[in-house]
Amino acid sequence: MNSLRLLLQLSLGICLSASAADAVLSPLQQRDQWQFEDPAAWEWLGDSGETALVLKKPSHYKPKFRRPLNLAWFGGAQWDSFTLTCEARLDAFNKGNNDLCIAFGGVGDSQFYYAHLGEKADGVHLQLHVVNNSDRKAITTSRAEALPWKPGTWHPIKLVRDAASGSIKVWFEGQLVLEANDKIFGKGRIGLGSFDDLGAFRNVVVEPGAVTLAEAAPMQIEIVAGGGVRVEHAPAAECQVMQPFGIAFDPQDNMFICEETHRLLRVDAKTGVLTVVTGAKSKNAPLGDNGPARDASFIAPHNLVADAEGNLFIADTYHYAVRRVDAKTGVVTTFAGNGSKELSGDGGPATSAGLDGIACLCFNHDFTQLYLGGFSKVIRMVDLKTGLITTVSGIGGSRAMAVDSKGRLFIAAGLGLRILGADGQAVSLSDPAATPPLKGVKHFWADRDDNILIADAGNHLIRKFIVSERRLITLAGNAVKGAGGVPGPALQAQLGEPHGVVSHPRTGDIYIADSRNHRVLRIRNQP
C-alpha cells in the first residue's frame with residue numbers, strides 16, 4: 001500500500017485518492033456513502049454486472065433556490081483541487097434542452113458550483129454556474145455551442161478544478177466544452193444529478209489535483225554519457241556524444257547509442273567506458289555489409305533496438321534500410337530495405353523491399369516481429385521467422401511508435417496517441433487537460449507497466465502517457481530549451497529537443513537522448 005496516499009475503489013467505480021490517515025477514517029465502500037436529495041428517484045446498481053448510479057424518475061425534491069432539482073452527494077470526503085472523470089448517459093430525451101449535471105465545492109444544499117451539461121448553449125444550459133444561497137448564476141467564460149448527446153449512449157466526461165487559480169474546465173468526448181474562473185468556494189463535496197432529466201453515471205474517478213509528497217524525494221536526473229572532450233576509451237560522461245537520437249540495451253546491460261552524425265557508440269555495463277563501434281563516414285562511403293561494424297557506414301541513424309540475443313537492429317534512415325549487427329561476430333548486414341526511397345515489396349523478403357526514411361524500430365514482446373516506422377504514412381512489419389515484410393493495416397504511419405506487452409501498437413497522432421488493438425480496431429487517446437499539449441513528438445517507448453514514454457522534442461520535455469487513465473504527465477524538463485539543471489531534480493532540468501527515450505528492461509531507469517545538448521541522461525527508477 002502506498003505510504004503517501006491510499007487509493008480506494010468504491011462500489012460505484014469511484015477511486016478516491018487521499019492521505020492514508022483520511023482513508024482509514026473513511027473506508028467509503030458502501031452505497032450509504034451517497035446522500036440522495038430524493039432517494040426514491042435513484043437506483044443503485046452496485047450489485048449488478050454494470051455498476052452505475054441511475055436517476056430513474058423525476059424528482060420531488062424542492063430546493064430553496066433555482067438549481068438542479070435532484071443531486072446525489074458523495075458524502076464521505078471533500079476536495080478543493082481535483083480531476084473527475086466519468087461516463088454519463090441520458091436515458092430520456094424530450095423536445096427541450098436535455099442535460100445532466102456535476103456539482104462540486106459543495107458546502108451545503110444551497111452553496112456549490114455545478115456544470116450544466118445541456119444539449120445546446122443558451123442562458124442556462126451548457127454553462128458553469130455558482131449557487132450561493134441564491135438562484136444559480138452563470139460564471140462561464142468560454143463554452144461550446146452544443147454537446148453531442150445520444151440517447152442511451154455512454155459519453156466520457158472530464159472536469160478539472162484548480163482551487164488555487166480558480167480555473168474550472170470541462171471536457172465532453174475529449175473536447176474542451178466549458179471554462180470558468182471562480183474562487184468563492186474552496187474544499188467541498190461532489191455530487192451527480194440533473195436539473196429535470198433522467199440518466200446515469202458510471203466509472204467515476206476522483207483524484208486530488210495536488211497531493212502532498214513530502215515523504216518522497218523528487219526524481220533526479222544525471223548525465224551518463226556526453227559532455228566531455230574524450231573521444232573514447234574513457235568513462236562515458238567524459239566523452240563526446242554528438243546529437244544522440246537512439247538508445248538500446250543488450251541482455252548484458254551494455255548501452256548502445258546511435259547519433260545523427262552517423263556514429264554508433266557502446267558503453268560497457270561493467271566499466272562505464274565508452275567506445276566508438278562505428279565512426280562517422282561520408283554519405284558516399286560503401287555500406288560495409290558482411291564486414292565488421294567498424295568498417296560499416298550509416299547515414300543519420302535515428303533509432304536502434306536489440307533482440308533477446310543482443311543483435312542490434314539500426315534504423316539507417318537515409319540508406320533507407322534496417323541494418324543488423326550480429327552480437328557474436330560483430331558483422332553488419334542489411335536486414336530490410338533495398339536502398340531505394342519508396343514503399344514497395346509487401347509480401348516479399350524484407351531485403352527486397354523499398355523503405356522510406358525509417359526513424360523508429362520496436363519489437364513485439366517475444367521478438368518475433370519487428371515494426372518499422374518513419375516518415376511515410378504507413379507502419380511496416382517484418383516477421384522474424386519468415387523474413388517477409390508487410391504493411392500494418394488499420395492504423396497510419398508515424399516516426400514515433402511502440403508496442404506494449406499485450407501486442408498493442410501505439411503511434412503519435414496529433415496532440416495524442418492512436419492505439420491499434422489485437423482486434424484490429426484503432427482508437428484515439430488523449431489528455432485534453434495536459435499542459436502543454438504534445439508538440440513535435442520524436443519517439444515512443446512502452447515501459448514495463450505498458451505506459452508510453454514520449455520524447456516531446458517540441459516542448460523540450462519527457463512525458464509519460466498513463467494508458468489506463470488517459471493521462472499525460474511530465475517526467476523531465478521545465479519546457480525551456482537549454483542545458484541547465486543537470487544533475488538535479490528532473491522537473492527542473494532543461495532539455496534540448498530530446499529525440500529518444502527508453503526505460504531499462506531490468507532496472508526501469510529512464511534514459512534520454514538529449515539530442516541538441518549532445519548527451520544521454522538518466523532518471524533512476526524509484527522503488
Side-chain angles (χ1 to χ4, degrees), residues 14 16-19 22 26 28 33-38 55 59 61-86 88 97 99-118 121-144 147 157-172 176-197 201 204-212 432-433 435:
I14 285 188
L16 167 64
S17 293
S19 69
D22 289 343
S26 302
L28 308 179
Q33 294 298 327
W34 290 90
Q35 298 172 4
F36 304 99
E37 292 178 337
D38 181 358
L55 184 54
S59 173
Y61 181 73
K62 303 296 183 182
K64 299 176 184 178
F65 304 101
R66 192 65 174 165
R67 43 139 285 185
L69 299 180
N70 193 4
L71 291 172
W73 292 97
F74 183 61
Q78 297 182 350
W79 293 267
D80 43 22
S81 298
F82 66 89
T83 297
L84 180 150
T85 58
C86 69
N97 204 329
D99 68 82
L100 290 177
C101 300
I102 300 175
F104 55 99
V107 294
D109 62 359
S110 299
Q111 290 182 294
F112 56 89
Y113 299 106
Y114 73 95
H116 195 135
L117 301 173
D122 58 24
V124 174
H125 299 85
L126 195 47
Q127 295 269 21
L128 282 160
H129 292 277
V130 61
V131 178
N132 191 13
N133 289 321
S134 60
D135 289 351
R136 65 191 173 198
K137 176 183 177 182
I139 56 173
T140 314
T141 56
S142 66
R143 58 178 174 165
L147 298 184
I157 296 170
K158 183 174 185 176
L159 189 154
V160 178
R161 187 197 180 197
D162 182 347
S165 68
S167 171
I168 304 169
K169 297 183 179 181
V170 182
W171 288 261
F172 189 98
L176 182 62
V177 295
L178 285 172
E179 290 187 81
N181 194 287
D182 194 273
K183 295 184 180 181
I184 293 177
F185 301 126
K187 183 177 290 187
R189 294 191 300 166
I190 288 174
L192 306 174
S194 174
F195 210 93
D196 51 13
D197 292 306
F201 299 86
V204 182
V205 176
V206 181
E207 183 175 4
V211 178
T212 300
T435 303

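Along the sequence shown, residues are numbered consecutively beginning with 1. Side chains are part of it too, since the values below use all heavy atoms of this structure and drop only hydrogens, waters and symmetry mates. Note that the coordinates shown come from a computational prediction; the quantities given were computed from them, not determined experimentally.
Considering every non-hydrogen atom in both S81 and A163, the closest pair reads OG-N, 2.9 Å. When every heavy atom of P63 is checked against every heavy atom of P68, the shortest pair comes out as CG-O, 4.2 Å. In terms of heavy-atom proximity, G118 sits nearest to N97 at C-OD1, 3.7 Å. The minimum heavy-atom distance linking I168 with R161 is given by the pair CG1-CG, 4.1 Å. Summarising the geometry of L126 relative to A144, their closest heavy-atom pair is CD2-O, 3.3 Å, with the distance given to 0.1 Å.
Here the side chain of K183 pairs a donor or acceptor atom with the backbone of A164 at under 3.5 angstrom. Not a single donor-acceptor pair under 3.5 Å links the side chain of D182 to the backbone N or O of G166. Within the 3.5 Å criterion, the main-chain N or O of S165 finds a donor-acceptor partner in the side chain of N181. The closest donor-acceptor contact from the side chain of D197 to the backbone of D99 lies under 3.5 Å. A donor-acceptor pair is defined here as one N or O able to donate and one able to accept, closer than 3.5 Å; such a pair exists between the side chain of R67 and the backbone of D109. A donor-acceptor distance shorter than 3.5 angstrom exists from the side chain of H129 to the backbone of V124, with no hydrogens or angles considered.
Counted by atom type alone, S167 and D162 present zero donor-acceptor pairs between their side chains at under 3.5 Å. Counted by atom type alone, N70 and S194 present zero donor-acceptor pairs between their side chains at under 3.5 Å. Side-chain polar atoms of E207 and W79 form no donor-acceptor pair below 3.5 angstrom. Of the N and O atoms on the side chains of Q127 and T140, at least one donor lies less than 3.5 Å from an acceptor on the other residue.
F82 is not listed as a side-chain neighbour of P208, based on a closest heavy-atom distance of 4.5 Å or more. Within the 4.5 Å cutoff, side-chain heavy atoms of I157 are placed close to those of L117. You'll find the side chain of V204 stays beyond 4.5 Å of the side chain of F74, heavy atoms only. Contact annotation: the side chain of L176 never approaches that of P432 to less than 4.5 Å [non-hydrogen atoms, C-beta and beyond]. L178 is not listed as a side-chain neighbour of W171, based on a closest heavy-atom distance of 4.5 Å or more. Using a 4.5 Å cut-off on side-chain heavy atoms (C-beta onward), L71 and F112 make contact. Proximity of L159 to T83: side-chain heavy atoms (C-beta onward) are nowhere separated by under 4.5 Å. Two residues are said to be in side-chain contact when any heavy atoms from C-beta on lie closer than 4.5 Å; K158 and F172 fail this criterion.
Atom OG of S110 and atom CG of N133 lie 5.5 Å apart (nearest 0.5 Å). Once rounded to the nearest 0.5 Å, the distance linking CG of D135 with CZ of F65 reads 7.5 Å. Atom NZ of K62 is separated from atom CG of D38 by 10.0 Å, given to the nearest 0.5 angstrom. With values rounded to the nearest 0.5 angstrom, S142 atom OG is found 8.5 Å from K169 atom NZ. Going from atom OG of S59 over to atom CG of D196 covers 10.5 Å, rounded to the nearest 0.5 Å. Distance NE2/H125 to CZ/R143: 11.0 Å, rounded to 0.5 Å.
Taking the six-membered ring for Trp, F104 and W73 have ring centres at least 6.0 Å apart. Aromatic ring centroids of Y113 and F185 lie under 6.0 Å apart.
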